Amino acid sequence: MAAPQEQEQEQGHQREETRSPEREPEEQAPETLAAEEQVPGEQAPDEQAPEKPEQERIRAEAAGQDQEQRPQPDTARKPPRRRWVRWTRRTALALVLIVVVPVLASQIALRINYAGDPADGTYTRNKDAIWLGHAWVDGRKKDADVTALARDLETTGIRDLYVHSGPLEHDGTLPESAYPRARWFIDAVHTAAPGIRVQAWLGDVLATESPNGMRLERPETRAAVVASTRQILATGYDGVHFDLEPLHSDDDDYLTLLDSLREVTRADRAQLSIAAHQIDPVPGFHSFWGTVAGHPKWWSQEFFGQVARRVDQIAVMSYDTMQPLQSTYGGYVAQQTSLALEVTPKSTDLLMGLPFYHENRFGHWNHAETVSAAVRGVRLGLSRTDADRADFGVAAYVDFAATEEDWTAYREGWVR
């Protein structure tokens, strides 16, 4: 601690530093000198009082402008970038959780669904079918072809032939020129393969996803389809098989059409058969897919049941499934088989489609959608849901694209 005299000197020195402007009066403005001559404790004139705060304000503003003009360090720009990186990472993680995880989970579930052994006796009930191309009714096929077809059918469980006899016009009419050799083919099959039924496969594109196509909401169009059905049954067909696509779930106009067609086919003692879309793998999936892709590929299970109760046969188009592996495709077919069995009445024949064709495109991968995988999936679904069901079979699509390997897989896996 300093001595008292030294403290006084230090305090005096501090006071001098505080009043340092008085030592250099020549540098001070006249107004400042006048202010310093005032008696201590006396208030300065009013016009002098705000001067010091005003100067401080000016200096503060000048200092602020200088600070703004100074180049900012790079670190000042990094926080926004870090926020952008964090946002990107979080968005990517959200997409993974929303898209990748559910897809991966579904693939695992389908693979598990393909596991296990089918029950004994889950083989053909001799109520299978096959879609045949237009060549059988337009004059390209001959007697020898029918003889070969009948011979091939002997070692199968096929009972129904869906022979392409259309297509229908967009207004529902059917030109007779579309099936000039139909009568010949029907008689030839009945002679060469007694017990085999020949059905007219009729179809058209619906205007559900484009401006062009058949419009079932028009009563005159539905009436024309009914008239075309009477017309072609008069040729001698054993039934009519309809394939109208893309047909959206919960289409009441389609149900109305089926009610009218059923009256015609029953009166003629003919079969009414339809090709059906797949069933929602999870409830409401057709609505989700319709929103995302604009093509609600699936039907609700409830709508499938409504259709099945109005027909004699319903054949599920259980191909073009977008599955990447045989195991997931087979698991998917097993699931579809179970879903269809749950809502199809015993009075209706239920057939599951087999892919007798070979394409590689989005929606259908040739290495995944095989006949052997489909047959195993059908047997697994049948085993788990209704193993003893009699009115059940498979339907092969399509004869002109089938290979010998397809026929072998069908016979070995399903016919035995």
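Residue numbers run from 1 in the order of the sequence given. Computed from a predicted model, the values in this text were never measured in an experiment.
- Looking at heavy atoms from C-beta onward, Thr88 lies out of side-chain contact with Val85 at the 4.5 angstrom threshold.
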- Task: Evaluate the criterion side chain to side chain contact (heavy atoms under 4.5 Å, CB included) for residue pair Glu169 and Asp204; output intermediate values, then yes/no.
- Result: CA-CA 7 Å; Glu169 299 293 328; Asp204 191 23; over 6 Å; no
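- With contacts defined as side-chain heavy-atom distances shorter than 4.5 Å, the pair Leu351/Ile314 does not qualify.
- Listed by chain and number, the residues in a salt bridge (charged side-chain N to carboxylate O under 4.0 Å, His left out) with Arg181 amount to none (sequence neighbours excluded).
- Looking only at distances, no side-chain donor or acceptor of Thr208 sits under 3.5 Å from a matching main-chain atom of Leu247.
- Distance alone, capped at 3.5 Å, is enough to place a donor-acceptor pair between the Ser338 side chain and the Ala334 backbone.
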- Begin from the C-alpha positions of Leu233 and Arg230 and carry the test side chain to side chain contact (heavy atoms under 4.5 Å, CB included) through to its verdict. CA-CA 5 Å; Leu233 286 176; Arg230 289 195 183 95; over 6 Å; no
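- Between Leu168 and Thr173 the shortest side-chain heavy-atom distance does not fall below 4.5 Å.
- Using a 4.0 Å cut-off between charged nitrogen and carboxylate oxygen, Arg159 and Asp349 count as a salt-bridge pair.
- The ring pair (Phe, Tyr, Trp, His ring centres under 6.0 Å) contacts involving residues 307-341 comprise Tyr319-Tyr357, Tyr319-Tyr397, where partners must be two or more places apart or lie in separate chains.
- Checking side-chain atoms of Arg310 against main-chain N and O of Gln306 turns up a donor-acceptor pair under 3.5 Å.
- Checking Tyr162 against Gln313 by side-chain atom types alone, a donor-acceptor pair falls below 3.5 Å.
- The closest donor-acceptor contact from the side chain of Arg111 to the backbone of Ser327 lies at 3.5 Å or more, if one exists at all.
- Looking at Ser273 and Trp201, their side chains never come closer than 4.5 Å, going by heavy atoms from C-beta outward.
- Panel note: side chain Gln278, backbone Met317; a donor-acceptor pair is recorded below 3.5 Å.
- In this structure, the side chain of Ser165 does not engage the main chain of Tyr179 through any donor-acceptor pair within 3.5 Å.
- The six-membered or imidazole ring of Phe356 lies near that of Trp407, with a centre-to-centre distance under 6.0 Å.
- The six-membered or imidazole ring of Phe185 lies near that of Trp136, with a centre-to-centre distance under 6.0 Å.
- In terms of modelled atom types and a separation under 3.5 Å, the side chain of Thr155 and the main chain of Asp152 share a donor-acceptor contact.
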- Task: For the pair Val189 and Leu161, evaluate side chain to side chain contact (heavy atoms under 4.5 Å, CB included) and give the outcome as yes or no after the intermediate values.
- Result: CA-CA 10 Å; Val189 169; Leu161 307 179; 4.0 Å; yes
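- A donor-acceptor pair under 3.5 Å is absent between the side-chain atoms of Thr348 and the main chain of Thr344, judged by distance alone.
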- Query: Would Gln336 and Ser318 satisfy side chain to side chain donor-acceptor pair (under 3.5 Å), going step by step from the backbone distance to the final call?
  - Reply: CA-CA 7 Å; Gln336 288 293 307; Ser318 44; over 6 Å; no
- Message: Please evaluate residues Thr156 and Arg411 with respect to the criterion side chain to side chain donor-acceptor pair (under 3.5 Å), reporting the C-alpha separation (whole Å), side-chain torsions for both, the decisive distance (0.1 Å), and the verdict.
- Response: CA-CA 7 Å; Thr156 71; Arg411 291 186 175 98; over 6 Å; no
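- With hydrogens and angles disregarded, a donor-acceptor distance shorter than 3.5 Å links the side chain of Asp238 to the backbone of Val198.
- Arg266 is linked by a side-chain hydrogen bond (donor to acceptor under 3.5 Å, both in side chains) to nothing, counting only residues two or more places apart in sequence or in another chain.
- Ion pairing of Asp259 with Arg222 is absent here, as no side-chain N (NZ or NE/NH1/NH2) approaches a carboxylate O to less than 4.0 Å.
- Applying the salt bridge (charged side-chain N to carboxylate O under 4.0 Å, His left out) test to Asp320 and every residue at least two apart in sequence or in another chain returns Arg361.
- Remark: His248 pairs with Glu209 by the side-chain hydrogen bond (donor to acceptor under 3.5 Å, both in side chains) rule, at least two apart or across chains.
- Partners of Tyr410 by side-chain hydrogen bond (donor to acceptor under 3.5 Å, both in side chains), not counting sequence neighbours, listed by chain and number: Asp128.
- At a threshold of 4.5 Å between non-hydrogen side-chain atoms, the residues Tyr237 and Gln271 do not count as touching.
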- Query: Are His364 and Glu359 close enough, and set up right, to give a side chain to side chain donor-acceptor pair (under 3.5 Å), and what steps lead you there?
  - Reply: CA-CA 7 Å; His364 181 92; Glu359 297 177 2; 5.8 Å; no
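- Under the 4.5 Å side-chain criterion, counting only non-hydrogen atoms from C-beta, Asp406 is not in contact with Leu354.
- The pair Arg262-Asp312 meets the salt-bridge criterion, since a charged nitrogen lies less than 4.0 angstrom from a carboxylate oxygen.
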Side-chain polar contacts of residues 141-149 - donor-acceptor pairs under 3.5 angstrom, sequence neighbours left out - could you list them?
unit_1: Lys142; atom_1: NZ; unit_2: Gly139; atom_2: O; d: 3.0
unit_1: Asp143; atom_1: OD1; unit_2: Trp184; atom_2: NE1; d: 2.9
unit_1: Asp145; atom_1: OD2; unit_2: Lys142; atom_2: N; d: 2.8
unit_1: Thr147; atom_1: OG1; unit_2: Asp143; atom_2: O; d: 3.1

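- Minimum interatomic distance between Leu174 and Gln231 (heavy atoms only, all atoms of both residues): O-NE2, 2.8 Å.
- A search for side-chain contact (heavy atoms from CB on, under 4.5 Å) contacts involving Ala109 returns nothing, not counting sequence neighbours.
- Ser300 places none of its side-chain heavy atoms less than 4.5 Å from the side chain of Ile279.
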- Message: For Asp120 and Arg379: C-alpha separation, side-chain torsions, deciding distance, then whether salt bridge (charged side-chain N to carboxylate O under 4.0 Å, His left out) applies.
- Response: CA-CA 9 Å; Asp120 293 338; Arg379 293 188 61 206; 5.7 Å; no
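- Under the 3.5 Å distance criterion, the side-chain polar atoms of Ser210 are left unmatched by any main-chain donor or acceptor of Ala207.
- By the 4.5 Å heavy-atom criterion applied to side chains, His241 and Leu272 are not counted as neighbours.
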- Task: Kindly indicate, with the supporting measurements, whether the criterion side chain to side chain contact (heavy atoms under 4.5 Å, CB included) is fulfilled by Leu132 and Phe400.
- Result: CA-CA 7 Å; Leu132 301 180; Phe400 57 79; over 6 Å; no
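- Evaluation of the salt bridge (charged side-chain N to carboxylate O under 4.0 Å, His left out) rule for Glu245 yields no partner, not counting sequence neighbours.
- Considering CD1 of Ile274 and CG of Leu261, their distance stands at 11.0 Å, rounded to 0.5 Å.
- Applying the salt bridge (charged side-chain N to carboxylate O under 4.0 Å, His left out) test to residues at least two apart or on different chains, the pairs with a partner in residues 388-404 are Lys127-Asp391.
- Under the side-chain hydrogen bond (donor to acceptor under 3.5 Å, both in side chains) criterion, Thr337 pairs with no residue, sequence neighbours left out.
- Residues satisfying the side-chain contact (heavy atoms from CB on, under 4.5 Å) test with Pro324, not counting sequence neighbours, are Gln107, Thr328.
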